Amino acid sequence: MTAYLPSLAGGMLIGLSAVMLLLLNGRVAGISGILGRLALGTQAATNAAFVIGLLLGPPLYRFATGQWPPVTITASLPVIALAGLLVGFGTRMGSGCTSGHGIVGLARFSPRSAVAVATFLLAGIATVTLMRLAAA
Amino acid sequence: MNRFAQIITALAAGTLFGLGLAMSGMLDPARVRGFLDIFGAWDPSLAFVLGGAVTVALAGMAVLKRLRRPVFDEQFHLPATSPVDRRLVLGSAIFGIGWGMAGFCPGPALASLSLGLAPVVLFVVAMLVGMTLHDRVWLRRAG
């Protein structure tokens with residue numbers, strides 16, 4: 001159990017971030033929405049500020065713990081590029097990602113978010129499983 | 001409405017979000033894919049991340065119900081409750097396939113840019129292209 005404590009604590013910090021943005025600014029902490037609106041140039045200042053903060057997170061973690069958080073990438077560059085395209089297109093089409101639907105939406109008991117979360121989890125599980133079988 | 005306070009709040013919330021992601025281990029695509037690999041060597045970490053985040057968010061929702069407006073704005077900007085439609089399901093499925101392929105969703109991909117790894121930069125650029133294709137090409141084509 002203690003192996004999952006950093007994950008639980010990290011998750012609670014993420015939840016706190018979402019609550020802050022909601023109660024103070026009245027906005028949903030959905031990363032695809034924030035980034036998408038930034039790309040469209042709407043509410044540029046607040047969305048840019050959030051993204052800058054997001055980028056500050058890992059260096060702060062490094063400052064506090066003395067090491068960078070691990071990022072292990074095994075996918076090839078063409079797979080990375082295709083995955084990025086799909087994630088960008090899909091999150092905008094589905095109006096949200098793991099944060100907006102997965103955290104704020106579920107906490108609001110939104111039926112749309114529940115369907116979105118079930119759908120992207122199932123699609124993700126199917127993709128990882130098929131890729132593992134194909135590589136075996 | 002207080003623009004300056006809104007910007008500071010967004011900066012602080014983003015920082016907290018990035019720090020939480022780094023602490024949670026979810027910046028690592030290998031662990032995210034491990035969570036999705038339920039028939040293989042399953043790594044349940046992401047369930048704890050989501051569980052912790054949703055629990056805190058639920059407490060926030062209880063406070064929200066008592067507020068008439070957010071502290072720094074005139075009104076809440078929450079998505080209207082609309083029915084589940086084809087776009088939601090199709091979009092989420094497309095996102096899930098990309099998420100499973102690389103192990104990155106938008107938050108961790110953006111935050112890990114700070115580590116300066118070339119594949120992360122490629123992913124984020126491709127993600128922005130995908131978003132722009134949807135918002136500026138697909139949506140306008142569909143009217």
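By convention in this document, chain letters (A, B, ...) are assigned in the order of the sequence lines, proteins followed by strands, and residues within each chain are numbered from 1. Being a predicted model, the structure only gives us computed values, none of them experimental.
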Verdict with reasoning, B/L21 to A/L54, per side-chain contact (heavy atoms from CB on, under 4.5 Å) = CA-CA 9 Å; B/L21 280 174; A/L54 202 55; 4.3 Å; yes
task = Before giving the answer on side-chain contact (heavy atoms from CB on, under 4.5 Å), spell out for A/T72 and B/R31 the whole-Å C-alpha distance, their side-chain angles and the decisive distance to 0.1 Å.
result = CA-CA 8 Å; A/T72 325; B/R31 287 186 69 183; over 6 Å; no
request  = Report the C-alpha distance between B/F123 and A/I73 in whole Å, list the side-chain angles of each, state the deciding distance to 0.1 Å, and finish with yes or no for side-chain contact (heavy atoms from CB on, under 4.5 Å).
outcome  = CA-CA 11 Å; B/F123 183 91; A/I73 300 161; over 6 Å; no
message = Could you go through B/V71 and A/L23, starting from their C-alpha distance and side-chain angles, then the distance that decides it, and tell me whether this counts as side-chain contact (heavy atoms from CB on, under 4.5 Å)?
response = CA-CA 6 Å; B/V71 179; A/L23 299 186; 5.6 Å; no
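Between the CG atom of B/D135 and the CG atom of A/L40 there is a distance of 4.5 Å, given to the nearest 0.5 Å. From B/I8, atom CD1 reaches atom CG of A/L24 across 12.0 Å, with rounding to the nearest 0.5 Å. Atom CE of residue A/M93 and atom CZ of residue B/R86 lie 7.0 Å apart, to the nearest 0.5 angstrom.
With a threshold of 4.5 angstrom between heavy atoms, B/P79 approaches chain A through its backbone and through its side chain. B/L27 touches chain A through backbone and side chain together, each having a heavy atom under 4.5 Å away. For B/D85, the parts lying under 4.5 angstrom from a heavy atom of chain A are both the backbone and the side chain. The contact between B/L128 and chain A is made entirely by side chain atoms (from C-beta outward), counting heavy-atom distances below 4.5 Å. Neither the backbone nor the side chain of B/A59 comes within contact range of chain A, judged by heavy atoms closer than 4.5 Å. Within the 4.5 angstrom heavy-atom criterion, atoms from both the backbone and the side chain of A/A9 approach chain B. Using a 4.5 Å cut-off between heavy atoms, B/T55 does not touch chain A at all.
By the 4.5 Å heavy-atom criterion applied to side chains, A/L16 and B/F17 are not counted as neighbours. Using a 4.5 Å cut-off on side-chain heavy atoms (C-beta onward), B/M26 and A/T98 make no contact.
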Acceptor/donor pairs from residues 128-136 of chain A side chains to any protein atom, 3.5 angstrom cut, sequence neighbours excluded:
| unit_1 | atom_1 | unit_2 | atom_2 | d |
| --- | --- | --- | --- | --- |
| A/T129 | OG1 | A/I125 | O | 2.7 |
| A/R132 | NE | B/D37 | OD1 | 2.9 |
| A/R132 | NE | B/D37 | OD2 | 3.1 |
| A/R132 | NH2 | B/D37 | OD1 | 3.0 |

Per-pair distances, 0.1 Å, donor-acceptor, side chain in residues 80-91 of chain A, under 3.5 Å, sequence neighbours excluded:
| unit_1 | atom_1 | unit_2 | atom_2 | d |
| --- | --- | --- | --- | --- |
| A/T91 | OG1 | A/V87 | O | 2.7 |
| A/T91 | OG1 | A/G88 | O | 3.2 |

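Ranked by heavy-atom pairs under 4.5 Å with chain B, the list A/T65, A/N47, A/I34, A/L35 is led by A/L35.
Residues of residues 109-116 of chain B lying within less than 4.5 angstrom of chain A, judged on heavy atoms, are B/L110, B/A111, B/S112, B/L113, B/S114, B/L115 in numerical order.
Checked against side chain to side chain donor-acceptor pair (under 3.5 Å), B/R87 has no partners two or more places apart in sequence or in another chain.
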